[in-house]
Protein chains: 2
Amino acid sequence: MAQKQRTSIKRPSSKDVAKLAGVSRATVSAYLNRTRYVSPELSEKIEQAIQELHYTPDPVARALKLQDTKTIGLIIPVMSNFYMPLMQVVNEVAHQNAYGLLLCSSEEDPEREREVLEIFLAKRVSGIMMAPCSEKNRKLLNDIQQKGTPIVQVNRKIDGLEADSVVSHNFKAAYTATEHLIHKGRKRIVFLGYDPDSLVNAEKKTGYDAALADYKIADNLTILVKEHQREQIRTAFRTFLETGQSFDGLICTTQGKTAIGLQLLKAYALRIPQDVAVIGFDDTPWSSLLWPPLTVISENTYTMGEEATKLLLKRIENKEKIAPQHIVLEDELIIREST
Amino acid sequence: MAQKQRTSIKRPSSKDVAKLAGVSRATVSAYLNRTRYVSPELSEKIEQAIQELHYTPDPVARALKLQDTKTIGLIIPVMSNFYMPLMQVVNEVAHQNAYGLLLCSSEEDPEREREVLEIFLAKRVSGIMMAPCSEKNRKLLNDIQQKGTPIVQVNRKIDGLEADSVVSHNFKAAYTATEHLIHKGRKRIVFLGYDPDSLVNAEKKTGYDAALADYKIADNLTILVKEHQREQIRTAFRTFLETGQSFDGLICTTQGKTAIGLQLLKAYALRIPQDVAVIGFDDTPWSSLLWPPLTVISENTYTMGEEATKLLLKRIENKEKIAPQHIVLEDELIIREST
DNA sequence: ATGAAAGCGCTAACAG
DNA sequence: CTGTTAGCGCTTTCAT
């Protein structure tokens, strides 16, 4: 009764093929998976039967037997445009290699992340690609790998975790951004905004701090805010603006923050770059069309995803354990007129 | 050997639970699914056993038996930011209702769309949400529904197909856009760009044509181009610009085209809106930050996804067939300084 | 009210 | 070389 109501004839099984071809199901399986020799004559017959019945192996049954669904599970912390290029490649490469793509966001919540991991595991994904939202699931991730499901971290990584990772050099990127502003003569640079719980963001913050220190700038104007809460970012920055503290530089660490930052600057009639020079993270098609055209740190999310997917697929196919690889991509400073 | 290498003890099955609780697997199943009465005493014992073993039912096995994976399959024509809000809701609502999300893009290719549909079907998704890329798979889609897998179309719909749909009123939107430009005194309005194979795009084109006709404007400046080819759009528009045809209005039918259109206008030193008034589709956080701030038709993709997901879930749960629902959302004209 | 047993469609030992 | 059989973990008649 819970069985799905299917009006038509149900799909053929390997049994049907076997019967029609006059062989055993084992041989059909062998033929399909090239798992042992099958004589040309039988192969021929089987092939015909398959064609005739329009047979396709049932992936669910196969999954039950093999404990693997040929699916890669992708966990991103939040559904934002930033991850689109990533999803694009993962989807494409996965599809090309006959893998499916199971997607879920953790909403920056470690508890939910754990839940999703467990669901993915239960669903027998072949491997997991994820941008971890904290260090909290370190142990779980380790266990998962140990038990044989490869994990590759992308964009964010948990320090010391024995799992592949491909990330941007966030420290350097933020350092470069800050330095660039300093070179432009800015001394009161605000960092919008710092989320101590976020892995990438913390790195960026460190880069910012380091640059400030290296150039002997004492004023550390860090605006603290939970990264993923749109309205909270707005409020935090507005609050800062209301205090009337003077500043002449602004670093926005994500696309979302950049948009909000620019909107508020505009609302407060602050001129860019005369009053405040601004630099954002992530280059988008809009960056050069803004007024003024925005200086950015461009992260190559596409390449990130590409490397990560290749790595993951390699892990899935070659079960032998080799030391985790850690790829770090350099970001690019694109100077436009906002600084 | 193909079996996954799992160093640790394998996960407990309902059999283990049954044994530990001193009952039969049937009872365990009954307890879990509330599918028949189970005495409080046994329930108690079973619950304890479950806790003790950390048992979770195996979704794959369940899927094999039930022919359903509690997963919704999402097919989008292309991985673009436009679909992000959609994915956001689908993911969220699906997750809340304990459904997984399987994602794949059709790359605007009907053949690939067919392939993906077949894969999803084989994988026993509970339902399919899709933005069809052409009318080509009409028959297949019909069959799929007939056989019991609900489909809801989103953003794009195949005319006359017996499947739910929730889309924007593209005709009206384009009409409004064109009319707005006309009211601004523009007479030579270019439509960038027309892809006859694209379902939405064709509707937009019709709206544009209709407005032109209603206002007795003879010059139909339609730039033909395959919608999803980034470089082709650029080339097509550049070619148009090179011809030196005069024009004073520009309608860009997608985010991507808007970005490219603006970039080229800038490159050709055409002033907005003095030389040419431009209106784009889709409001983004950047729209108001561009120079000049961009007039747009804002489509509420989020709501679209929300309605679609609700509809799909309803179809999945209530197996009785009711007539397909067709929801059409009104778009909003947001006037800024580019027109 | 519960248990025993069959079966979803597949693969992989084990025989022959 | 190929067939027979068991079993992956679950649900569901059918019996009791």
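Everything quoted here is computed from the prediction, not taken from an experiment. Chain A is the first sequence line, chain B the second, and so forth, proteins listed ahead of strands; every chain is numbered from 1.
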Are there any protein N/O atoms within less than 3.5 Å of an N/O atom in nucleotides 4-6 of chain D, and if so, which ones and at what distance?
none

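Residue-level contact check: A:Val60 touches neither bases nor backbone, having no heavy atom under 4.0 Å from any strand. Using a 4.0 Å heavy-atom criterion, one finds that A:Val23 contacts the sugar-phosphate atoms exclusively. A:Tyr31 comes within 4.0 angstrom of no nucleic acid atom, judged by non-hydrogen atoms across all strands.
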- [ ] Could you please spell out the steps behind the side-chain contact (heavy atoms from CB on, under 4.5 Å) verdict for A:Met87 and A:Leu74?
- [x] CA-CA 8 Å; A:Met87 295 178 36; A:Leu74 176 61; 4.0 Å; yes
Task: Residue pair A:Ser126, A:Asp68: steps toward the side chain to side chain donor-acceptor pair (under 3.5 Å) verdict - done: CA-CA 6 Å; A:Ser126 315; A:Asp68 184 321; 2.6 Å; yes
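Going from atom CG of A:Asp58 over to atom P of D:dC8 covers 18 Å, rounded to whole Å. Rounded to a whole Å, the CG atom of B:Leu66 is 20 Å from the P atom of D:dC8. What separates CZ of A:Arg34 from C1' of D:dT2 is a distance of 17 Å, to the nearest Å. One atom, NZ of A:Lys15, and another, P of D:dG3, lie 16 Å apart when rounded to the nearest Å. Nucleotide D:dT11 holds its C1' atom 11 Å from the CG atom of B:Leu64, rounded to whole Å. The interatomic distance linking A:Leu42 (CG) with D:dC1 (P) rounds to 11 Å, in whole Å. In this structure, the CZ atom of B:Arg124 is 10 Å from the C1' atom of C:dC8, given to the nearest Å. Atom pair A:Glu44:CD and D:dC1:P shows a separation of 18 Å (rounding to whole Å applied).
One finds a side-chain N or O of A:Gln67 lying less than 4.0 angstrom from the OP1 or OP2 phosphate oxygen of D:dG9. Contact check, A:Ser39 against D:dT2: a side-chain N or O comes under 4.0 Å of OP1 or OP2. The side chain of B:Lys10 places an N or O atom within less than 4.0 Å of a non-bridging phosphate oxygen (OP1 or OP2) of D:dG9. When the side-chain nitrogen and oxygen atoms of A:Ser29 are compared with OP1 and OP2 of C:dT11, one or more of them lie within a distance under 4.0 Å.
For the pair B:Arg62 and B:Asp58, the salt-bridge criterion is not met [side-chain N within less than 4.0 Å of a carboxylate O]. With respect to B:Lys45 and B:Glu41, no salt bridge is recorded, no charged nitrogen being found less than 4.0 Å from a carboxylate O. In this structure, A:Arg114 pairs ionically with A:Glu111, as a charged nitrogen and a carboxylate oxygen lie closer than 4.0 Å.
For the residue pair A:Glu92/A:Gln88, the side-chain donor-acceptor check at 3.5 Å is not satisfied.
Looking at B:Thr35, its side chain never comes within 3.5 Å of a backbone N or O of B:Asn33 through a donor-acceptor pair.
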